[in-house]
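Scope of the values below: all heavy atoms of this structure, side chains included, with no hydrogens, waters or symmetry mates. Just so you know, residue 1 is the first one in the sequence shown, and it goes up from there.
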Amino acid sequence: MSNFVQSLRLWFAPERVREEGDTPDYRFSLANERTFLAWLRTALALIGGGFAVDQFLPDLRWGWRIGLALALLAAGVLCSLRAVNHWVRCERAMRRGEDLPVGRFPTVLSLVVAVVALAMVVVVLFGWEG
């Protein structure tokens with residue numbers, strides 16, 4: 001079974017992660033959980049930003065408004081999915097005594113947010129009507 005499928009199953013049955021390796025120091029598990037919650041807060045902020053762009057900028061040209069809103073909403077969805085996946089992967093790695101997993105998602109998320117922010121700067125500088 002692929003590593004991704006196994007991780008996906010643990011999303012819905014996290015108690016099964018205890019079947020692997022040794023129990024880590026609880027402080028590491030709690031830190032992992034705090035990181036998970038930070039990712040969820042980020043996801044909620046992105047989703048809220050997407051709705052805010054759509055609802056509170058009605059004078060913005062339709063294509064700009066929808067494009068920016070969808071970019072923020074998609075980033076929020078991906079961030080929330082990444083949160084649980086990263087939590088499971090880190091918990092498994094700690095129990096197995098392995099290095100913690102790394103990924104490119106923080107970089108991708110940062111680039112998406114930067115592109116949306118730059119687009120908003122363009123909108124502010126050149127007006128709502130484009």
Side-chain angles (χ1 to χ4, degrees):
M1 178 173 10
S2 79
N3 202 20
F4 176 75
V5 172
Q6 189 174 12
S7 290
L8 189 62
R9 286 184 179 181
L10 291 174
W11 290 13
F12 302 100
E15 67 279 357
R16 291 186 61 201
V17 79
R18 292 187 178 133
E19 297 170 2
E20 297 187 36
D22 300 318
T23 302
D25 184 332
Y26 72 92
R27 293 174 292 182
F28 299 125
S29 290
L30 293 175
N32 190 28
E33 187 173 319
R34 285 190 301 274
T35 303
F36 167 75
L37 294 173
W39 279 103
L40 285 184
R41 285 190 300 273
T42 302
L44 288 171
L46 290 165
I47 291 167
F51 279 115
V53 166
D54 184 51
Q55 294 298 308
F56 298 119
L57 300 176
D59 295 334
L60 187 61
R61 262 180 38 191
W62 184 84
W64 275 98
R65 191 179 83 235
I66 296 303
L68 294 171
L70 288 177
L72 289 168
L73 291 169
V77 168
L78 291 175
C79 191
S80 65
L81 294 174
R82 171 67 170 147
V84 69
N85 186 51
H86 188 71
W87 175 82
V88 166
R89 291 173 56 218
C90 285
E91 199 65 31
R92 288 175 71 205
M94 287 188 298
R95 296 186 72 82
R96 293 174 175 176
E98 299 172 353
D99 289 339
L100 293 179
V102 295
R104 292 182 185 96
F105 185 77
T107 302
V108 172
L109 181 62
S110 296
L111 291 173
V112 167
V113 171
V115 167
V116 170
L118 286 173
M120 291 301 294
V121 166
V122 168
V123 166
V124 169
L125 288 176
F126 297 106
W128 298 113
E129 298 298 327

Nearest heavy atoms of [X] and [Y], plus distance in Å:
X: Leu40; Y: Ala83; result: CD2-CB, 4.1 Å
X: Arg89; Y: Pro101; result: NH2-CB, 3.0 Å
X: Trp64; Y: Val123; result: CE3-CG2, 3.8 Å
X: Ala119; Y: Leu68; result: CB-CD2, 3.5 Å
X: Leu46; Y: Cys79; result: CD1-CB, 4.4 Å
X: Arg65; Y: Val53; result: CG-O, 3.5 Å

Using side-chain heavy atoms (C-beta onward) and a distance below 4.5 Å, is [X] in contact with [Y]?
X: Leu111; Y: Thr107; result: yes
X: Thr42; Y: Arg82; result: no
X: Trp39; Y: Leu109; result: yes

Test of understanding: clusters of I, L, V, M, F, W, Y form through side-chain heavy atoms closer than 4.5 Å, transitively. Do [X] and [Y] belong to the same one?
X: Leu8; Y: Trp87; result: yes
X: Leu44; Y: Leu70; result: no
X: Val122; Y: Leu125; result: yes
X: Phe126; Y: Val116; result: yes
X: Leu57; Y: Leu72; result: yes

Practice prompt. Pick out which of Val88, Val84, Asn85 makes a side-chain contact (heavy atoms from CB on, under 4.5 Å) with Leu10.
Written response: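 The single option meeting the side-chain contact (heavy atoms from CB on, under 4.5 Å) with Leu10 is Val88.
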Discussion item. Tell me if the CG atom of Asp25 is crowded by more than 12 foreign heavy atoms within 6.0 Å.
Written reply: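 Enclosed.
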Worksheet item: Around Arg96, counting heavy atoms of other residues, nucleotides and ligands shown, do more than 12 lie under 6.0 Å from its CZ?
Response: yes
Fill in: CA sep, side-chain torsions, deciding dist, call: Val77, Leu81, side-chain contact (heavy atoms from CB on, under 4.5 Å)
CA-CA 6 Å; Val77 168; Leu81 294 174; 4.2 Å; yes
Looking at [atom1] of [X] and [atom2] of [Y], how far apart are the two atoms once the value is rounded to the nearest 0.5 Å?
X: Cys90; Y: Glu98; atom1: SG; atom2: CD; value: 11.0 Å
X: Phe28; Y: Glu91; atom1: CZ; atom2: CD; value: 11.5 Å
X: Leu30; Y: Phe36; atom1: CG; atom2: CZ; value: 14.0 Å

Worksheet item: Taking it one step at a time, do Leu100 and Asn32 satisfy side-chain contact (heavy atoms from CB on, under 4.5 Å)?
Response: CA-CA 11 Å; Leu100 293 179; Asn32 190 28; over 6 Å; no
Practice prompt. Verify, without hydrogens or angle tests, whether Arg95 (side chain) and Val17 (backbone) share a donor-acceptor contact under 3.5 angstrom.
Written response: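 Such a contact is found between Arg95 side chain and Val17 backbone.
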